[in-house]
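As structure tokens, the structure follows; a few thoughts come after it.
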Amino acid sequence: LSIVENLEHRAGKDAEGKTGDGVGILLQISHKFFKKATKNLGFDIGNEREYGVGMFFMSQDELVRKREMKMLEIIVEKEGLEFLGWREVPIHPDILGKSAVDCMPCIMQAFIERPSRYAKGLEFDRRLYVVRRIFEQSSDDTYVVSLSSRTIVYKGMFLVGQLRLFFADLQDEEYVSAIAMVHSRFSTNTAPSWQRAHPNRFIVHNGEINTIRGNADK
């Protein structure tokens with residue numbers, strides 16, 4: 001978080017200087033933190049690495065959001081996994097610029113149990129990858145920020161100093177991770193958006209990969 005706060009020299013921002021091009025951080029899933037965070041939500045995530053966590057940017061329209069949530073639950077079950085439950089991510093939108101707030105999604109986390117027939121780690125993550133791809137192809141109103149049993153991404157249309165302040169999770173001292181990968185965006189050919197911030201689920205790469213491959217795939 002301190003590193004990304006020192007990347008202001010390469011961070012894009014709007015003319016007002018109140019909304020950023022995008023900032024994000026990739027972390028390990030902190031079992032101690034999520035065990036505590038889900039304690040009163042009516043489901044048990046089990047032991048470390050026995051579950052996957054998805055981070056989702058969903059519609060602010062409640063009807064649309066509930067339909068998309070149900071669709072994910074159905075896809076999870078159809079792929080032979082068990083859906084555990086949802087958590088609304090605690091946030092502080094009052095610190096953001098107007099441009100970021102105007103297009104801010106509803107930020108939700110989904111928890112998916114690992115079946116015993118799949119090994120912890122890569123094998124389970126491959127099943128979660130399939131779930132993510134099927135859901136992405138079925139959904140126009142929800143963006144999957146990350147879905148894994150090992151890592152999670154927190155990101156948004158922030159100035160570099162707003163990432164830490166926006167997400168309450170990142171202010172909790174019980175959130176621990178042995179790795180952290182940060183990204184501060186300066187867009188040259190696309191408008192900023194919540195989705196385009198921190199384009200890294202697995203690797204650090206040059207954004208032009210997304211542009212060429214994405215256009216070819218479409």
Side-chain angles (χ1 to χ4, degrees), residues 1-30 32-41 53-62 64-66 68-69 86-111 141-148 151-177 179-188 190-201 204 207:
L1 290 168
S2 298
I3 289 168
V4 83
E5 285 162 2
N6 286 323
L7 290 176
E8 192 166 2
H9 61 284
R10 72 159 317 279
K13 60 180 78 170
D14 67 354
E16 266 191 312
K18 292 181 179 176
T19 300
D21 245 11
V23 176
I25 187 166
L26 179 144
L27 299 164
Q28 286 176 310
I29 288 169
S30 173
K32 186 179 180 183
F33 170 79
F34 282 111
K35 193 77 175 172
K36 180 185 77 171
T38 57
K39 190 178 177 184
N40 299 318
L41 295 180
V53 185
M55 183 80 96
F56 294 86
F57 286 167
M58 309 195 90
S59 172
Q60 288 284 9
D61 184 314
E62 190 180 358
V64 173
R65 185 167 68 251
K66 285 189 170 172
E68 299 273 296
M69 289 163 75
W86 291 96
R87 173 183 184 242
E88 188 168 352
V89 180
I91 56 171
H92 300 288
D94 49 299
I95 65 151
L96 300 179
K98 186 179 184 302
S99 306
V101 173
D102 287 348
C103 60
M104 186 181 75
C106 178
I107 306 173
M108 302 290 292
Q109 286 170 346
F111 295 81
D141 299 299
T142 297
Y143 173 81
V144 188
V145 182
S146 62
L147 177 57
S148 169
T151 58
I152 189 167
V153 172
Y154 286 83
K155 71 176 189 177
M157 264 176 79
F158 308 138
L159 299 170
V160 291
Q162 292 174 335
L163 175 65
R164 184 197 300 262
L165 301 174
F166 182 79
F167 288 109
D169 292 5
L170 301 181
Q171 298 170 34
D172 194 307
E173 289 189 6
E174 288 191 0
Y175 199 111
V176 293
S177 175
I179 60 165
M181 182 170 78
V182 293
H183 182 265
S184 172
R185 188 169 185 265
F186 193 111
S187 170
T188 53
T190 51
S193 73
W194 284 78
Q195 290 87 339
R196 291 190 184 110
H198 189 90
N200 313 307
R201 289 191 184 98
V204 178

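Only heavy atoms go into these numbers, but all of them, side chains included; no hydrogens, no water, no symmetry mates.
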Search all heavy atoms of Phe166 against all heavy atoms of Pro93 and return the closest pair with its distance.
-> CE1-CA, 3.8 Å

Can you tell me how far the CD1 atom of Ile29 sits from the CE atom of Met55, to the nearest 0.5 Å?
-> 10.0 Å

More than 12 foreign heavy atoms under 6.0 Å from CD of Glu62: is that the case here?
-> no

Would Leu1 and Leu170 satisfy side chain to side chain contact (heavy atoms under 4.5 Å, CB included), going step by step from the backbone distance to the final call?
-> CA-CA 9 Å; Leu1 290 168; Leu170 301 181; 4.1 Å; yes

Given the rule in the side chain to side chain contact (heavy atoms under 4.5 Å, CB included) test, do Met157 and Cys103 qualify, once you have shown the distances and angles that lead to the verdict?
-> CA-CA 9 Å; Met157 264 176 79; Cys103 60; 3.7 Å; yes

Note: Ile152 and Val53 closest approach over all heavy atoms is CD1-CG1, 3.7 Å

Please check if the side chain of Gln162 supplies one atom and the backbone of Leu96 the other of a donor-acceptor pair under 3.5 Å.
-> no

Should the pair Phe167 and Phe158 be assigned to parallel (<30°), tilted (30 to 60°) or perpendicular (>60°) ring geometry?
-> perpendicular

Are any side-chain N or O atoms of Gln109 and backbone N or O atoms of Val89, one a donor and one an acceptor, separated by less than 3.5 Å?
-> no

Without swapping roles, check the side chain of Arg87 against the backbone of Phe111 for a donor-acceptor pair under 3.5 Å.
-> no

Rounded to the nearest 0.5 Å, how far does CZ of Arg65 lie from CG of Asp141?
-> 11.5 Å

Pairwise distance CZ(Arg201) to CG(Leu147) - rounded to 0.5 angstrom = 9.0 Å

Just jot down the side chain to side chain donor-acceptor pair (under 3.5 Å) partners of Trp194, sequence neighbours excluded, or say none.
-> none

Lys155 side-chain N/O to Ala197 backbone N/O, donor-acceptor pair under 3.5 Å = yes

Over 12 foreign heavy atoms within 6.0 Å of CD, Glu174 = yes

Near Lys36 NZ, under 6.0 Å, is it more than 12 heavy atoms from other residues, nucleotides or ligands?
-> yes

Under the 3.5 angstrom rule, does the side chain of Thr38 hit a backbone N or O of Leu41 as a donor-acceptor pair?
-> no

Shortest non-hydrogen contact between Leu27 and Ile179, atoms and distance | CD2-O, 3.7 Å

Scanning both residues in full, the closest heavy-atom pair of Asp169 with Tyr154 reads OD2-OH, 2.7 Å

Give the minimum heavy-atom separation between Val153 and Val145, together with the two atoms involved.
-> O-CG1, 3.5 Å

Side chain Asp172, main chain Ala168, donor-acceptor under 3.5 Å = no

Applying side chain to side chain donor-acceptor pair (under 3.5 Å), name anything that partners Ser146, two or more places apart in sequence or on another chain.
-> none

Check Gln60 against Cys106 and note the closest heavy-atom contact, atom names and distance.
-> NE2-N, 3.7 Å

Output yes when a side-chain donor or acceptor of Ser148 lies under 3.5 Å from a complementary backbone atom of Thr151, and no otherwise.
-> yes

Atom CD1 in Ile107, atom CZ in Phe57: separation rounded to 0.5 Å?
-> 5.0 Å

Neighbour count above 12 (heavy atom, 6.0 Å) for Ile3 CD1 | no

For the side chain of Arg164 and the backbone of Gln171, is there at least one donor-acceptor N/O pair under 3.5 Å apart?
-> no

Please identify each residue that fulfils side chain to side chain contact (heavy atoms under 4.5 Å, CB included) with Glu173, with sequence neighbours left out.
-> none

